[in-house]
Protein chains: 2
Amino acid sequence: MTTIYDIAKKTGYSITTVSKVLNDYPNVSEKAKAKVLAAVEELGYTPNSSARTLATNKSWMIGVVFAEHLGVGMAHPFFSEVIESFKKHVELYNYDLLFVSRKMGLKEETYRHLKHRGVDGVVVVQSLGDDALDFTEFNMPTVFIDMPEKGAHAVYSDNKQGSTLAVDYLYGLGHRKIAHITGAQTMYTAVERAKGFELAMEKHNLSIPSKYIVDGGYYSYEGGREAMFRLLSLTDRPTAVFVSGDEMALGAIKVIKEAGLRVPEDISVIGFDDIPLAKHVDPPLTTVKQDKELIGHQSAALLLDEINELGKNRNGKVIPVQLIKRQSCMSVDHMW
Amino acid sequence: MTTIYDIAKKTGYSITTVSKVLNDYPNVSEKAKAKVLAAVEELGYTPNSSARTLATNKSWMIGVVFAEHLGVGMAHPFFSEVIESFKKHVELYNYDLLFVSRKMGLKEETYRHLKHRGVDGVVVVQSLGDDALDFTEFNMPTVFIDMPEKGAHAVYSDNKQGSTLAVDYLYGLGHRKIAHITGAQTMYTAVERAKGFELAMEKHNLSIPSKYIVDGGYYSYEGGREAMFRLLSLTDRPTAVFVSGDEMALGAIKVIKEAGLRVPEDISVIGFDDIPLAKHVDPPLTTVKQDKELIGHQSAALLLDEINELGKNRNGKVIPVQLIKRQSCMSVDHMW
DNA sequence: GCTCCTATCGAAAACGCTTTCGTTTTAAGT
DNA sequence: ACTTAAAACGAAAGCGTTTTCGATAGGAGC
């Protein structure tokens, strides 16, 4: 490996001077600059980031703590898009992303590991509330995605508002018997969406039979299937169902079709997330779109500010959602 | 930050001894071990990985070079699954993954950056052949995914065989007029699949009208749409089309439906990849499945071996593919 | 020619750890 | 009690940088 010493020897300057030209210090002559740069090029020198980090206490790495419950890891349809957006943004400022292995349930381990690596900041993407790292003793710039955390930066969608959008839309279409397939109530997003659903229903003076609210688990396709199955077995079936996640919605639609019914002619379905496949399925899924791009961007901006100690007050930043009307919902007037 | 010196001071031992217990050296007394470990716990000491890397010349990081052409980055439906599998495997050996920002087209930059970071190995996941890093002067353990590279480890699917499987199946169903929507011929996988298609057709003594082979670009949904559009405009339409990628296949199916035709009743479609949504679309997509799990696992194993200098002969490792029969294909006898 | 700046440079310490190799301590053997 | 081997320990060098602060050189001003 070629080091700063090799450059020094070759140019006749000291390592101090070499280091200075490499770091754009002002007081170094043009002549020295030229000679050093030439030598760097000729020897194919590359600075050693470990040494630099050791000396400066700055690693230019951002740790990514990734924990989801579908078990698909970074292939997660929603999180992966958010992280990609996050990555694109921090890259502009020369940060690399370090995916640390998170042994689920061992928060202490993860915490130490991040310290060990000396990352400049951390972004944690995870759904479960109770499983969260204990942030308070985690003295490091951090931003949470998809979940608020007291005293910490966090970026997440306006989940309640999303539910309102969905219910209002369904109501406008003439639906009165609206069911809700929720996510597991251990997840912040799932609770919020459920709350929003109830609030919106209340607003329209619609009652919610207890059987109309069914837990679909961790946003999985299978969970959606099972939940919808139960809904279909009801004597007084809903005419529309608002599902807390797109994957679950797809599972639900599948079950409806298998039962010989049609979407939206027999039952309207509306999802949440707007994952990439949503527009490709049949029928194209009407859903509440989360702005993954913005979420990633905002969380990156917040984290960068915090790293550079421009951190303002730390709290949650909620991102607006949007109703994407496709073809899985239908006015009751046209149903058969 | 608490260092090894703090532990030394607290326990009365030298930093050498502390370091030794931390690294499980044999010749250190039980007593010393106990005292040091206790102090570590009490002071909440975490070793500094930069210092360690500097001293040992081993970073325990694996660089990930990720370049795809859908523009979705790590949200790529196929690559993300492969990388996830790769990650799961290397994690077992305590490696973390470093995603370096790859400025497309600046291979030299990427190369330097990886050196700079001192990663122990590199996994490059990218489709384009001509854009590949110049591996020869890249003196570092490396494994390529989805594309062979002379003199380097590489793991990829048996693309030709996949095409054979598809064509044989279609042939068995009675189809004779089979078209192929290819991927851009700058990509290794696309070329192989196209070759395989021609070979298989030849085997069955089937001629391929030149209009039956149409380029769908970089495996995108839109590309599939356009390609299928051209196919539909033909006077002598194919009864089946083998599409080089699932996303493209979905686009193709969409166009077929829009034209008032049905899949598979009017046209059979078969894809390649078996992305997660393949089973959820309507009709469920018959496709050639790539074993993402195995690809990730194998490439991890190869890279780890290379890092530990157990590297055998470096060359491509081809992973078998499998035909997943779902419902987008139909026997000609039942077509209308 | 002398003083005093300013511009340029370099010696050396520091960052936190590993590892070699010599020294000391302990235990075993007689 | 003495020798010897083995076990336990530590001094110091080294890994490749950055950064402080003092030294030197050259020129301007008189």
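Note on naming: letters A, B, ... go to the chains in the order of the sequence lines (proteins, then strands), and numbering restarts at 1 for each one. Note that the structure is predicted; figures quoted are calculated from it, not measured.
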Please list, chain by chain and in numerical order, all residues satisfying side-chain contact (heavy atoms from CB on, under 4.5 Å) with A:N23, sequence neighbours excluded.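 A:N23 satisfies side-chain contact (heavy atoms from CB on, under 4.5 Å) with A:S19, A:Y25, A:R52 once adjacent residues are dropped.
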[atom1] of [X] versus [atom2] of [N]: gap in Å, rounded?
X	N	atom1	atom2	answer
A:D24	D:dT18	CG	P	12 Å
B:R117	D:dG16	CZ	C1'	15 Å
B:L54	D:dT18	CG	P	12 Å
A:K58	D:dT17	NZ	C1'	17 Å
A:N23	D:dG16	CG	C1'	13 Å

No-hydrogen, no-angle side-chain donor-acceptor test under 3.5 Å, A:H153 and A:D305: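 Judged by distance alone, the side chains do not pair up.
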When you compare the side chains of B:D291 and B:H297, does any donor N or O come within less than 3.5 Å of an acceptor on the partner?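 No, no side-chain donor-acceptor pair sits under 3.5 Å.
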Can you spot which of B:V155, B:V90, B:I62 makes a side chain to side chain contact (heavy atoms under 4.5 Å, CB included) with B:L303?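 Testing each of B:V155, B:V90, B:I62 against B:L303, the sole residue satisfying side chain to side chain contact (heavy atoms under 4.5 Å, CB included) is B:I62.
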Regarding A:T46, tell me which of base, sugar-phosphate or nothing describes its non-hydrogen contacts under 4.0 Å with the strands shown.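 Sugar-phosphate contact only - A:T46 comes under 4.0 Å of backbone atoms but never of a base.
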Select base, sugar-phosphate, or nothing to describe what B:T56 touches, counting heavy atoms under 4.0 Å on all strands.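 B:T56: backbone/sugar contact only, no base atoms under 4.0 Å.
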Could you tell me whether the side chain of B:N159 and the main chain of B:E192 form a donor-acceptor pair under 3.5 Å?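 A pair under 3.5 Å: no.
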Only pairs under 3.5 Å count here: list side-chain donor-acceptor contacts from residues 35-49 of chain A, not counting sequence neighbours, and write none if there are none.
| unit_1 | atom_1 | unit_2 | atom_2 | d |
| --- | --- | --- | --- | --- |
| A:K35 | NZ | A:T11 | O | 3.4 |
| A:E42 | OE2 | A:K10 | NZ | 3.4 |
| A:N48 | OD1 | A:S50 | N | 2.7 |
| A:N48 | OD1 | A:A51 | N | 3.0 |
| A:S49 | OG | B:H116 | O | 3.4 |

Taking any atom under 4.0 angstrom from a heavy atom of chain A, which nucleotides of DNA chain C are the first and last to qualify, 5' to 3'?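 Span of nucleotides near chain A: C:dT8 to C:dG16.
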Any chance NZ of B:K58 has more than 12 other-residue heavy atoms, nucleotides or ligands included, within less than 6.0 Å?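 Check passes, neighbour count above 12.
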Does atom NZ of B:K88 have more than 12 heavy-atom neighbours from other groups under 6.0 Å away?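 Counting neighbours around NZ of B:K88, more than 12 heavy atoms of other residues, nucleotides or ligands fall under 6.0 Å, so yes.
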Enumerate all atom pairs, one protein N or O and one N or O from nucleotides 9-13 of chain D, separated by less than 3.5 Å.
| unit_1 | atom_1 | unit_2 | atom_2 | d |
| --- | --- | --- | --- | --- |
| D:dC9 | OP1 | B:S29 | OG | 3.2 |
| D:dC9 | OP2 | B:S29 | N | 2.9 |
| D:dC9 | OP2 | B:S29 | OG | 3.0 |
| D:dG10 | OP2 | B:S14 | N | 2.8 |
| D:dG10 | OP2 | B:S14 | OG | 3.2 |
| D:dG10 | OP2 | B:T17 | OG1 | 2.9 |
| D:dG10 | O6 | B:K20 | NZ | 2.5 |
| D:dA11 | N7 | B:T16 | OG1 | 3.3 |
| D:dA11 | N6 | B:T16 | OG1 | 2.9 |
| D:dA12 | N6 | B:T16 | OG1 | 3.4 |

Parallel, tilted or perpendicular: which fits the ring planes of B:H76 and B:F79, with parallel below 30° and perpendicular above 60°?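 Ring orientation of B:H76 relative to B:F79: parallel.
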Using 30° and 60° as the class boundaries, would you call the ring planes of B:Y156 and B:Y188 parallel, tilted or perpendicular?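 B:Y156 vs B:Y188 ring planes: perpendicular.
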Could you work out, with side chain to side chain donor-acceptor pair (under 3.5 Å) as the rule, every residue matching A:Q290, not counting sequence neighbours?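 For A:Q290, the residues satisfying side chain to side chain donor-acceptor pair (under 3.5 Å) (neighbours in sequence not counted) are A:S157, A:D273.
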Considering the terminal five base pairs at each end of the helix from C:dG1-D:dC30 to C:dT30-D:dA1, what angle separates the two local helix axes, rounded to 10°?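 Angle reported: 40°, given to the nearest ten degrees.
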With respect to the phosphate group of D:dT19, does any side-chain polar atom (N or O) of A:Y25 fall under 4.0 Å of OP1 or OP2?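 For D:dT19, OP1 or OP2 has a side-chain N or O of A:Y25 closer than 4.0 Å.
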